[in-house]
K.L.:
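Provided herewith is a single structure, encoded as structure tokens, for subsequent inquiry.
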Amino acid sequence: MTRDGRGPRKVGKRQDGRQARPAAADPARRAAYDVLHEVGSSDAYANLTMRLVFADRRLTTRDAGFATELVMGVLRHRGTLDAVLAAAVDRPLAKLDPRVLDVLRLGAYQLLFLGTAPHAAVGSSVDLAGEVCGPGPKGLVNAVLRTVARRDLADHLAQVTMDLTPAEAMAVRTSHPAWIVSSLRDALGGDDEALAALLARNNDVPTVTLAARPGRINRDDLLALAPDGAESGAWSPYAVRLRHGRPGDLAPVRDHRAGVQDEGSQLMALLLADAPLTGVDRTWLDLCAGPGGKAALLASLAHERDAALLAVEPRAARARLVAQALAGARATAVVQADGRAGPWQPDTFDRVLVDAPCTGLGVLRRRPEARWRRTPADVAALTTLQRALLHAATDAVRPGGLVAYVTCSPHIAETDLVVDDVLASRSDLVEVDARAGLPTAATAAAGGGPRVRLWPHLHDTDGMFAALLRKR
Ligand SMILES: C[S@@+](CC[C@H](N)C(=O)[O-])C[C@H]1O[C@@H](n2cnc3c(N)ncnc32)[C@H](O)[C@@H]1O
């Protein structure tokens with residue numbers, strides 16, 4: 001038995017002297033490989049792909065847990081793993097068959113981050129290589145992983161960062177692309193201590209948080225149903241943090257009285273819903289609603305105040321997810337439309353949320369694949385769309401009404417620059433303090449205002465940005 005209890009099944013001579021058939025890779029490692037390959041070769045989300053692949057393979061709970069650890073670990077630490085592998089392979093990693101590279105990453109992750117015994121990590125990787133690529137690369141996988149196994153992570157890091165600048169070394173050590181490190185440093189005002197804390201936090205496994213949807217279930221009742229160890233969130237009056245257990249096992253989640261939602265994301269909905277507003281307060285718009293997390297919380301809050309919510313999403317599949325998230329909510333409608341040209345009259349809505357499409361640099365804990373997919377070129381395209389959506393929201397809100405501009409990225413170009421530009425180009429907008437609608441504990445923690453910034457390393461939430469604007 002190996003240290004992780006999963007003995008590698010090796011090719012070997014049978015007692016009758018004939019060559020045995022190559023042993024099948026173990027189901028957890030094979031499933032993890034298949035997910036990584038799919039995520040690497042398409043735009044698939046890792047969490048959705050895992051769900052599909054694990055169900056298809058009928059993995060046991062134990063195997064699914066191990067496979068999840070492998071997938072998320074490899075995606076989080078890919079930058080570090082690749083730097084170590086690059087030093088052990090005799091050609092550029094880009095020249096390797098991508099299937100072989102995924103097998104090597106899985107093996108190196110087990111060796112350097114899980115402490116798997118070398119014979120288990122190497123043997124199972126050689127089996128896996130044989131299964132997914134045929135016998136050709138088995139020798140290479142064996143040789144490279146044996147080289148990796150000779151040192152521990154600290155030794156490897158010391159070696160591969162020796163000739164790098166401090167910024168490059170930080171990128172390798174924390175497994176972030178250099179452009180993301182530099183964008184996050186700018187967003188943190190050049191504070192290197194905060195940067196180190198944020199980068200480290202981005203590699204942690206985030207807590208699963210639920211939102212008890214007001215009017216449908218209260219937080220104490222949700223807490224009473226949650227598995228042992230669950231506790232109230234620190235910032236949102238609706239948040240329940242789970243220590244273990246699967247949200248889908250809870251009846252309130254299954255029947256939409258509660259939903260999985262990061263506490264920072266809950267605060268973004270609250271910040272719009274609870275901000276003081278003069279005049280009527282009947283019609284709310286969620287301009288970028290898919291997949292519907294904030295829309296579901298907004299719908300409950302709107303219903304408590306006798307307001308109706310219109311949720312907009314251009315992509316059909318995502319619009320369906322919004323409709324599912326709003327199942328059972330009253331006075332809501334979902335429209336599949338481009339938020340820049342929606343089917344409504346100007347000056348219509350009392351409150352508008354623009355939860356803009358963004359690089360997602362604030363949610364790298366939850367979506368580790370995003371850091372390898374995004375490029376600096378994405379920022380330019382997104383900021384054009386973000387400006388257009390904020391203009392459209394301003395046109396849609398009535399005079400005196402409120403627009404919350406929110407991103408799950410702290411990138412300066414997607415946050416301050418968008419808001420500053422739109423404010424400068426319109427005389428009908430004024431910025432107000434976005435903290436006004438936050439619960440007291442969160443107001444104190446959210447900085448000096450008027451804009452709100454939440455950080456994984458400070459608030460243990462997703463990294464969120466919000467500005468609140470009132471139409472004159
Ligand atoms: C950050 S996500 C919104 C998350 C959502 N509010 C939630 O809490 O679940 C941004 C969404 O904007 C959508 N989007 C992209 N282009 C858009 C457009 N032109 N108009 C409206 N929404 C758009 C994306 O499809 C994506 O679903």
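Worth knowing before you read on, the calculation uses all heavy atoms, side chains too, and leaves out hydrogens, waters and symmetry mates. Atoms within a ligand are numbered from 1 in the order they appear, just like the ligands themselves.
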K.L.:
Between Arg426 and His391, do the side chains contain a donor N or O and an acceptor N or O under 3.5 Å apart?
P.N.:
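Checked: His391/Arg426 side chains pair up, N/O donor to acceptor below 3.5 Å.
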
K.L.:
With a 4.0 Å cut-off, would you call Arg451 and Asp420 a salt bridge?
P.N.:
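Salt bridge between Arg451 and Asp420, a charged N being under 4.0 Å from a carboxylate O: yes.
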
K.L.:
Taking only heavy atoms of the protein into account, state which residues are under 4.0 angstrom from an atom of ligand 1, in chain and number order.
P.N.:
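Ligand 1 is contacted, at a heavy-atom distance under 4.0 Å, by Leu287, Cys288, Ala289, Gly290, Pro291, Gly292, Gly293, Lys294, Glu313, Pro314, Arg315, Arg318, Asp338, Gly339, Arg340, Asp355, Ala356, Pro357, Leu385, Leu389.
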
K.L.:
Can you name the residues that form a side-chain hydrogen bond (donor to acceptor under 3.5 Å, both in side chains) with Asn47, not counting sequence neighbours?
P.N.:
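Partners of Asn47 by the side-chain hydrogen bond (donor to acceptor under 3.5 Å, both in side chains) criterion come out as none, since no residue qualifies.
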
K.L.:
For Asp82, is there an ion pair with Arg105 - N to carboxylate O distance below 4.0 angstrom?
P.N.:
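Yes, charged N to carboxylate O under 4.0 Å.
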
K.L.:
If we ignore angles and hydrogens, is there a donor and acceptor under 3.5 Å between the side chains of Thr359 and Ser409?
P.N.:
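Per modelled atom types, Thr359 and Ser409 side chains form a pair under 3.5 Å.
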
K.L.:
Taking atom CZ as the centre, does Arg330 end up with more than 12 heavy-atom neighbours from other residues, nucleotides or ligands that are less than 6.0 angstrom away?
P.N.:
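Counting other residues, nucleotides and ligands, CZ of Arg330 stays at 12 neighbours or fewer.
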
